[in-house]
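Here the structure is laid out as structure tokens; the discussion comes afterwards.
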Number of protein chains: 2
Amino acid sequence: MADRLTPRAREIVTAARDLLEESGAAHLTMRTLADRLGIKAPSLYKHFPDKQAVEVELVALLLTETAETLEAAEARAPGSLEALAGAYRDHALAHPHLYRLATERPLPRAALPAGLEDRAALPLLRTCADDMDLARAVWAFAHGMVILEIHGRFPADADLDAAWKRGLAALHA
Amino acid sequence: MADRLTPRAREIVTAARDLLEESGAAHLTMRTLADRLGIKAPSLYKHFPDKQAVEVELVALLLTETAETLEAAEARAPGSLEALAGAYRDHALAHPHLYRLATERPLPRAALPAGLEDRAALPLLRTCADDMDLARAVWAFAHGMVILEIHGRFPADADLDAAWKRGLAALHA
DNA sequence: ACGGTGTGGCTAACAGTGTTAGCCAGGTTC
DNA sequence: GAACCTGGCTAACACTGTTAGCCACACCGT
């Protein structure tokens, strides 16, 4: 992650992330991004081949932070699925636009740092005692809860804490 | 649903659905849609105020079909969460582009036929014996499994049937 | 000191997007 | 027959990602 990008490229990714989190994916355009950096849109292509390449770096950012978040939660409360799930939920809801961008498309695996995807999955896998099927079910549940909440699909008065508890308790047993 | 739309508007929605399922959301543009109908893009605005209004009808379409699918599954095997989940999964995976379009944005509730959202939720709620928290957990799990599979987030060799079984068994108990 | 080269900006332009304004032919209705 | 609605059309606008080509500056080797 250190020398994946030139310093200037990293500045661009940072600006892209700020823009995304402030205004959503629809407002993240090459021109607004360039504006924020005080340059013109075509200049961005001196640092990235296309817009997708910038987005890939944002995906890598979310994946990295998710890994760090889960590792920290696991260190704090080893073996606790609830702690893991809570950390995942909190981080996702704190960065909904970034979470959507990283999640609502096929993973650009070829362009991602090697091992990053696995690293993000490891804490959950460990907490599930290497039961792959269980880990996938928990992952699907957590992602489903988060993304449905982000999109406001649950009724406004729904008790989502209760739904999380219910699901985790069932999957935990 | 009958007189929600003029006959011509319904033709347009049908063409939009075909286009979407064949080529994905990126290729569903006002111009390609008009092309398929043998007219020019601006003429579409005689029938819909904007592109979003067409998309709302596609969302309504998926919601209606989901309701029908779940109702049929429930009639075939009353009380079976597995049957319900299987029907949901099959329908979603048979129409991935439509499922994504209907799912990866806030629900346009105000523009949807009254009661449609509730109708689609009822079979699951009944099968969960009106346990709202459980129903929401199951919904999140099912949506998570489907959308992660659509986006190819699981490893290619993952045994998703097993993950579905594992999750449903846990939530069923 | 000087010429070459690479870095990172720029302007102008293109194709494609949703969308609006304004025109016009044809059928319906008083 | 006159008015009017329906549903097409062309031309155009603002915005998108992206390319081509130009140019200023810093660095580097002789």
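Order of the sequence lines sets the chain letters (A, B, ...), proteins ahead of strands, with each chain counted from 1. Quick caveat, the model's predicted, so the values are computed rather than measured. As a basis for the values below, the full set of heavy atoms in this structure was taken, side chains included, without hydrogen atoms, waters or symmetry mates.
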Distance-only donor-acceptor test, K40(A) side-chain atoms vs dG9(C) base atoms, 3.5 Å: no
What integer distance in Å separates L44(A):CG from dG9(C):P? 9 Å
With distance as the sole criterion, is a donor-acceptor pair present between the side chains of H151(A) and E104(B) under 3.5 Å? no
Could you tell me whether T29(A) contacts a base, only the sugar-phosphate backbone, or nothing, with contacts defined as non-hydrogen atoms closer than 4.0 Å? sugar-phosphate
Tell me which of I39(B) and A41(A) sits closer to the 5' end of DNA chain D, going by the nucleotide each one is nearest to. I39(B)
Between the side chains of T29(B) and T32(B), does any donor sit under 3.5 Å from an acceptor? yes
same_hphob_cluster(V59(A), L19(A)) at 4.5 Å side-chain heavy-atom cutoff: no
Between W164(B) and F141(B), what is the ring plane arrangement, given parallel below 30°, perpendicular above 60°, and tilted in between? perpendicular
Tell me whether the side-chain N/O atoms of H47(A) come closer than 4.0 Å to OP1 or OP2 in dT7(C). no
What nucleotide among dG17(D), dT20(C), dG8(D) has an atom nearest to a side-chain atom of Y45(B)? dT20(C)
Using a distance-only criterion (donor-acceptor N/O pair, under 3.5 Å, no hydrogens), is the base of dG16(C) paired with the side chain of R31(B)? no
Given dC10(C), is OP1 or OP2 found less than 4.0 Å from the side-chain N or O atoms of S43(A)? yes
Given DNA chain D, 5'-ward residue of the pair P42(A) and T32(A), judged by closest heavy atom: T32(A)
Suppose we call a contact any N or O donor and acceptor under 3.5 Å apart; does that hold for the side chain of K51(B) and the base of dG18(C)? no
